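A note on names: the letters A, B, ... follow the listed sequences, proteins ahead of strands, and every chain is numbered from 1. From a predicted model like this one, the values you see are computed outputs, not experimental measurements.
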Amino acid sequence: MLDKEIYFKIKWLIAKNELDNYKKRGGFDYQKPKDNSIMELHSRASGIQFGVRAPQSQDIIHWLENLELNLFKINQMDFEFDTKLLPTLGIAWKEFKPYPLSTTVHTALEFLNIHKNKRPVIFKNDFWYFQEIIDTHINDVSDIQEGDALILSVPFFETFQYKKNMDTILKRCCELDVPVMIDLIWLPLSTFKGDLKHTDCVQVITQSMSKVLPMSGIKGGVCFWRNPVLKRFNMYPLGNNVGFYITKKYLEHFGYYHVRDSLKDLQIKWCELLSIDTHSMSICGKIPKGHFLSGQSLHSHRIPDSNLFNLLPFYENDQAITSFLSDVDK
Amino acid sequence: MDTLEIFFEQDNAPCRWSKQKTNASIRAKYQDLLAKDKIKDATSIRMHGGEPFFKNKIEKYLEEANEQALIIIETNGSKIDAALIKKFQNVVVHLKIDAVGPLQEYIRPGIEWLDIEKTISTLKTNNIKFAIKPCLHVLNILSITKLKQWCDENSYEMIEPELLKTPEELTPYNLPYQLKLRVPDEYKQALEGQPTADPLNLINELDRDWRSSVKSVIPEWQQVHDNLHWQQFDDLKKIDKDMEKYVG
């Protein structure tokens, strides 16, 4: 069985691999060591478990590297989007109009700007960036008040599962005329199923693809604004056509849950090896109480009692870590 | 003689460790009210940074000031409005410069050394009195004599450096032990006192934020990275070596 010491060595190996191979690192500066000094490797290794980015599997990297992009045509592309490419979710898609997504955060800011006379609210422990830009963090559905505007990630960022009282939340928002923005960024990686009810309060739905495909530096996906949309959305769309195009191509070529499904075997393998429980989110495991990984949650710097473990580095370095562990066993 | 102190909060090129202020301080909010009453009669006025010339915030104060008053203006040296200040007979500009060339650019990102040279040239052309006013910290203590030498060569006055107080990690006495021997003798006094914080993590974090590297600007810091005073440093070097064969 793995222990803390072996785990630390694995993190070190992951950090070294990030430095050595650009296909094993994320799109942002902090997602790799700056150089091969002990200090930098230690700094990176110490934080490997934090945050999650898109899995970078061979087939997706290969597909992205070979995707033909006619930028001139993409610039002029229409915004048609077949919602059959998405799960049903209980959303009446025909009530919404699709647009290229700029970013989730920008859409949130646009949503809040539209409702600038309302009080922006999120539930406690939702996506950290929402926490940065919204002051009111509520605990309970009863905290939602008339005159609020709610942003909510589905699955919910803290647990990567639907909030247990999802129906009650949306029902209350319908009753109080509270507009809602729903962020689906984690959904394509989740096995959690279930249609939403009381979706009349939903005004905008964002589906960023940057947690499915390694395009955090490009951004994009699709978003849906409830009809009738503001005139300015058509006069001067602010979305990213390149990200929208890649999203459509991915969904047409692979299907919404391809990345999630391709990780299933690795999730089982690494949950077994690490003696942790599987989770409905394909890139996570659940750390049991008293386990040596307690405190190593992907949320631990923000949500101290979180038990979600980030398996992504283990998937991407599967061969190297397996090779190391087989030598440890000898 | 009482000196009227005027503080400017905003800076076009703050020191690399400065944090962004999202709200004006209470002092800044009420400063105008307080200064307005006093400035006409003040015989001595000191303008502190931020940067007085940024957004030309200095102008509204100087318009009210007595032309005979002693006026000391602290500036980062990136820009100067000579026409605005030369009407004062007793004006002195304190250029907040901690080092020469690329190191100064590293300490205060946003100003090129060339801009500082241009400012000095403007001051000289307009016969405006100035002095170099450095602050001493772990990033410039090894090379502070170079700044002194540069001042001497150009006949610029250099005021004795003040010790940086915040952030605490960067105060001179927190200089890593690996570098203490390299501090010029005349500044060794600044190292006195027990270290209270480790500067390395902060410097590393700032390097990441500013996309820079202390080692490329101050090569002596490589020695700190190569000889970390961590208890487990040798163990980490061994892990690093052991893991090498699995990379790929």
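- Salt bridge status for Asp98(B) with Lys133(B): absent, with no side-chain N to carboxylate O gap under 4.0 Å.
- Although no hydrogens or angles enter the test, the distance criterion places a donor-acceptor pair under 3.5 Å between the side chain of Asn154(B) and the main chain of Trp150(B).
- Rounding to the nearest 0.5 angstrom, the gap separating the CZ atom in Phe54(B) from the CG atom in Asp11(B) is 7.5 Å.
- In this structure, the separation between CZ on Phe7(B) and CE on Met47(B) is 12.0 Å, given to the nearest 0.5 Å.
- When only modelled atom types and interatomic distance are considered, Ser143(B) and Asn140(B) share no side-chain donor-acceptor pair under 3.5 Å.
- At a 4.5 Å heavy-atom cutoff, the contact between Leu236(B) and chain A is made by backbone and side-chain atoms alike.
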Show the pairs of one donor and one acceptor atom, one from chain B and one from chain A, lying under 3.5 Å apart.
unit_1	atom_1	unit_2	atom_2	d
Asn204(B)	ND2	Glu40(A)	OE2	3.0
Arg208(B)	NH1	Asp29(A)	O	3.3
Arg208(B)	NH2	Glu40(A)	OE1	2.7
Lys215(B)	NZ	Asp35(A)	OD2	3.0
Asp240(B)	OD1	Trp12(A)	NE1	2.9
Asp240(B)	OD1	Lys16(A)	NZ	2.7
Glu244(B)	OE1	Lys16(A)	NZ	2.8
Tyr246(B)	OH	Asp327(A)	OD2	2.6
Gly248(B)	N	Asn17(A)	OD1	2.7

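- With no hydrogens or angles considered, no side-chain donor-acceptor pair links Asp115(B) and Ser78(B) at under 3.5 Å.
- In terms of heavy-atom pairs under 4.5 angstrom with chain B, the leader among Ile14(A), Ile38(A), Ile10(A) is Ile38(A).
- A distance-only check finds a donor-acceptor pair linking the side chain of Glu51(B) to the backbone of Phe53(B) [under 3.5 Å].
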